[in-house]
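FYI, the numbering just counts along the sequence from 1. Small disclaimer: the values here were computed from a predicted structure and weren't measured.
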Amino acid sequence: MRLKLTTILLSCLFVFACKEQKQTSETPQKVSTKKVEKKLPPAYKPNQQFKDYWYAGKAEITSYKLEQARYGELRDGKAVLVYVTEPFLPKVQVKADQKNPENVSVLKLNATKKFNTGIYPYSIMQSTFYPVANNQHALKVSASIQEWCGQVYTQINNREQFEVTSHSYFEGEADQNFNLEKAVLENEIWTQLRINPSSLPIGDFNIIPSLEYIRLKHKPLKTYNAFAEISEGTYTLSIEDLNKTLTINFENNFPFTITSWEETIDGLTTKATKLKTINTAYWNQNSNANSDLRKTLELE
């Protein structure tokens, strides 16, 4: 009797389970494999003033007096912003050596900082390759930091998503490869500003903080909520979750030179103030006779 009752119960459960399964599989979801092409906004068209300045075969080099916050103290140093236009291959994401219809004109920024922390030096460099068309995110961003403990490197490539490659000597960071959904890059703000300050993101939006910040503070590389506003000659960006505020001061008129900036993190403020600007083809000035240009920039 007990065996018969068990058999009946199992039969009922089997019928019920099959019935439930049938209900959930009657209308299967269709998954589209078609690639969706996103149309870019209209491209910025450089005027003659822009062309005369940025396509003259020279780079703009500006030096800054730096007060860098590190380990709870301010450190004296120097910062340099090097802006130059160059042709860029979007697929392999490197500078193009030859003319090619696929080349993209970018405004490249190499931003460097040098300062000492006690006995040992820090050297920081961030590179941003931002389309002059000003209608999409930076095509590539990279950052490296060297100091006596070791070195770290991070790179973001703009493809279907942001592809991140990262290397570090710190445990827990080491070698990483992952993707991020696209969002405003703090690194690209510094180049976008030089093309058209009025195009900068304002209000509430998502942002990926600068690679320098991510590395120095050992924060997760991801998007954070941000708020920004712009007034006459000043752009202010706040990331409340990181207790971080960046203020960039710039000239109102073209070429919108950056005169100073401040970055406050956890109550301590890094400051940079403009020293000198020169426009020159520095890549041809690599002999000892050209070293006086460093004195002109007040880097020596």
Q: So, Ser144 versus Gln146: side-chain donor-acceptor pair below 3.5 Å or not?
A: yes
Q: I would like to know whether Thr277 and Asn279 meet side-chain contact (heavy atoms from CB on, under 4.5 Å); could you show each step before the answer?
A: CA-CA 7 Å; Thr277 296; Asn279 293 74; 4.2 Å; yes
Q: Tell me the closest heavy-atom pair linking Gln126 and Ser210, and the distance in Å.
A: OE1-CB, 4.0 Å
Q: Counting only N and O atoms by type, is there a donor-acceptor contact under 3.5 Å from the side chain of Asn225 to the main-chain atoms of Asp241?
A: no
Q: Quick check on the hydrophobic clustering: are Ile278 and Val82 connected, directly or via other members, by side-chain heavy-atom contacts under 4.5 Å?
A: yes
Q: Is Glu173 salt-bridged to Arg215, cutoff N-O under 4.0 Å?
A: yes
Q: Around atom NZ of Lys182, are there more than 12 heavy atoms from other residues, nucleotides or ligands closer than 6.0 Å?
A: yes
Q: Look at the side chain of Thr62 and the backbone N and O of Leu81, then say whether any donor-acceptor pair between them is shorter than 3.5 Å.
A: no
Q: Closer than 3.5 angstrom, by distance alone: can the side chain of Asp266 be matched with the main-chain N or O of Gly72 as a donor-acceptor pair?
A: no
Q: Cut-off 3.5 Å, side chains only: do Asn177 and Thr165 have a donor facing an acceptor?
A: yes
Q: Going from NZ on Lys65 to NZ on Lys276, what distance comes out if it is rounded to the nearest 0.5 angstrom?
A: 15.5 Å
Q: For the pair Thr128 (side chain) and Tyr130 (backbone), establish whether a donor and an acceptor sit closer than 3.5 Å, ignoring hydrogens and angles.
A: no
Q: Looking only at non-hydrogen atoms, find the nearest pair between Pro201 and Gln192 and report the distance.
A: CD-OE1, 4.0 Å
Q: Is there side-chain contact between Tyr71 and Leu268, with heavy atoms separated by less than 4.5 Å?
A: no
Q: Hey, what's the ring geometry for Phe115 with Tyr122, parallel, tilted or perpendicular (30° and 60° as the breaks)?
A: parallel
Q: Is there a side-chain contact between Gln161 and Leu180, using heavy atoms and a 4.5 Å cut-off?
A: no
Q: Has Glu188 got a side-chain atom pairing as donor or acceptor with Ala138's backbone, closer than 3.5 angstrom?
A: yes
Q: Dump the intermediate steps for side-chain hydrogen bond (donor to acceptor under 3.5 Å, both in side chains) on Glu147 and Thr117, then the final yes or no.
A: CA-CA 9 Å; Glu147 38 97 3; Thr117 53; over 6 Å; no
Q: Can you name the nearest heavy-atom pair linking Ile202 to Tyr235, along with the distance?
A: CG2-CE1, 4.3 Å
Q: Going through the checks in order, is the side-chain contact (heavy atoms from CB on, under 4.5 Å) test met by Leu193 and Leu200?
A: CA-CA 7 Å; Leu193 185 156; Leu200 289 169; 4.1 Å; yes
Q: Would you find a donor on one side and an acceptor on the other, under 3.5 Å apart, between the side chain of Lys58 and the backbone of Tyr53?
A: no
Q: Does Thr85 reach the main-chain N or O of Trp54 with its side chain, forming a donor-acceptor pair under 3.5 Å?
A: yes
Q: So Glu181 and Thr223, side-chain contact (heavy atoms from CB on, under 4.5 Å) or not? Walk me through it.
A: CA-CA 8 Å; Glu181 292 297 326; Thr223 57; 6.0 Å; no
Q: To the nearest 0.5 Å, how far apart are NZ in Lys222 and OH in Tyr224?
A: 5.0 Å
Q: Is a donor on one side and an acceptor on the other found under 3.5 Å between the side chain of Asn249 and the backbone of Thr259?
A: no
Q: Look only at the side chain of Lys78 and the backbone of Glu298, and say whether a donor-acceptor pair between them is shorter than 3.5 Å.
A: yes
Q: What's the separation between atom CG in Leu74 and atom OG1 in Thr270, rounded to the nearest 0.5 Å?
A: 7.0 Å
Q: Could you state whether Leu221 and Val152 fall into the same hydrophobic cluster, counting links through intermediate Ile, Leu, Val, Met, Phe, Trp or Tyr residues with side-chain heavy atoms under 4.5 angstrom apart?
A: no
Q: In Å, rounded to the nearest 0.5 Å, how long is the span from CG of Asp76 to CD of Gln68?
A: 11.0 Å
Q: Answer yes or no: is there a side-chain heavy-atom contact under 4.5 Å between Pro209 and Ile239?
A: yes
Q: Would the distance check show the side chain of Asp52 and the main-chain N or O of Gln49 forming a donor-acceptor pair, the cut-off being under 3.5 Å?
A: no
Q: Can you tell which of Trp261, Phe250, Phe256 makes a ring pair (Phe, Tyr, Trp, His ring centres under 6.0 Å) with Trp190?
A: Trp261
Q: Side-chain contact, heavy-atom cut-off 4.5 Å: Ile258 with Lys274?
A: no
Q: Can you find a pair of side-chain heavy atoms, one from Glu212 and one from Lys113, that are under 4.5 Å apart?
A: yes
Q: Could you go step by step and tell me if Leu293 and Tyr282 meet the side-chain contact (heavy atoms from CB on, under 4.5 Å) rule?
A: CA-CA 9 Å; Leu293 289 172; Tyr282 67 86; over 6 Å; no
Q: Determine, using the 4.5 Å side-chain heavy-atom cutoff (strictly less than), whether Ile189 and Phe254 are members of one ILVMFWY cluster.
A: yes
Q: Is there a continuous path of hydrophobic side-chain contacts, each under 4.5 Å between heavy atoms, that joins Leu297 to Leu66?
A: no
Q: Are Arg75 and Glu73 within salt-bridge range, i.e. N to O under 4.0 Å?
A: yes
Q: What pair of heavy atoms forms the shortest contact from Thr234 to Thr247, and how long is it?
A: CG2-CG2, 3.5 Å
Q: Show your reasoning for whether side-chain hydrogen bond (donor to acceptor under 3.5 Å, both in side chains) applies to Gln151 and Tyr153.
A: CA-CA 7 Å; Gln151 56 186 318; Tyr153 179 81; over 6 Å; no
Q: For Ser291 and Asn288: C-alpha separation, side-chain torsions, deciding distance, then whether side-chain hydrogen bond (donor to acceptor under 3.5 Å, both in side chains) applies.
A: CA-CA 5 Å; Ser291 59; Asn288 289 333; 6.0 Å; no
Q: Given side chains that start at C-beta, do those of Val104 and Phe129 come closer than 4.5 Å, heavy atoms only?
A: no
Q: Does CD belonging to Gln48 count more than 12 external heavy atoms closer than 6.0 Å?
A: yes
Q: Just how far is it from atom CD1 of Ile230 to atom OG of Ser198, taken to the nearest 0.5 Å?
A: 7.0 Å
Q: Are there over 12 heavy-atom neighbours, none belonging to Asp97, within less than 6.0 Å of that residue's CG?
A: no
Q: I need the minimum non-hydrogen distance between Ile156 and Val164, along with the two atoms involved.
A: CG1-CG2, 4.1 Å
Q: So how far is it from Thr154 OG1 to Ile145 CD1, rounded to the nearest 0.5 Å?
A: 8.0 Å
Q: In this structure, would Leu109 and Ile195 fall into the same cluster of hydrophobic residues linked by side-chain contacts under 4.5 Å?
A: yes
Q: Other residues, nucleotides and ligands only: do more than 12 of their heavy atoms fall within 6.0 Å of CD on Glu240?
A: no
Q: For Phe162 and Ile208, which heavy atoms make the closest approach, and how far apart are they?
A: CD1-CD1, 3.6 Å
Q: Given side chains that start at C-beta, do those of Pro131 and Leu139 come closer than 4.5 Å, heavy atoms only?
A: yes
Q: Quick one, Tyr55 with Ser105, criterion side-chain hydrogen bond (donor to acceptor under 3.5 Å, both in side chains). Give me CA distance, side-chain angles, the key distance, then yes/no.
A: CA-CA 10 Å; Tyr55 293 115; Ser105 179; 2.7 Å; yes
Q: Any cation-pi pair here, Lys244 with Tyr213, using under 6.0 Å and within 45°?
A: yes
Q: Could you check if a side-chain atom of Asn135 sits within less than 4.5 angstrom of a side-chain atom of Tyr44, using non-hydrogen atoms only?
A: no
Q: Establish, for the pair Arg194 and Tyr83, whether the NZ or CZ atom is under 6.0 angstrom from the six-membered ring centre and no further than 45 degrees off its axis.
A: yes
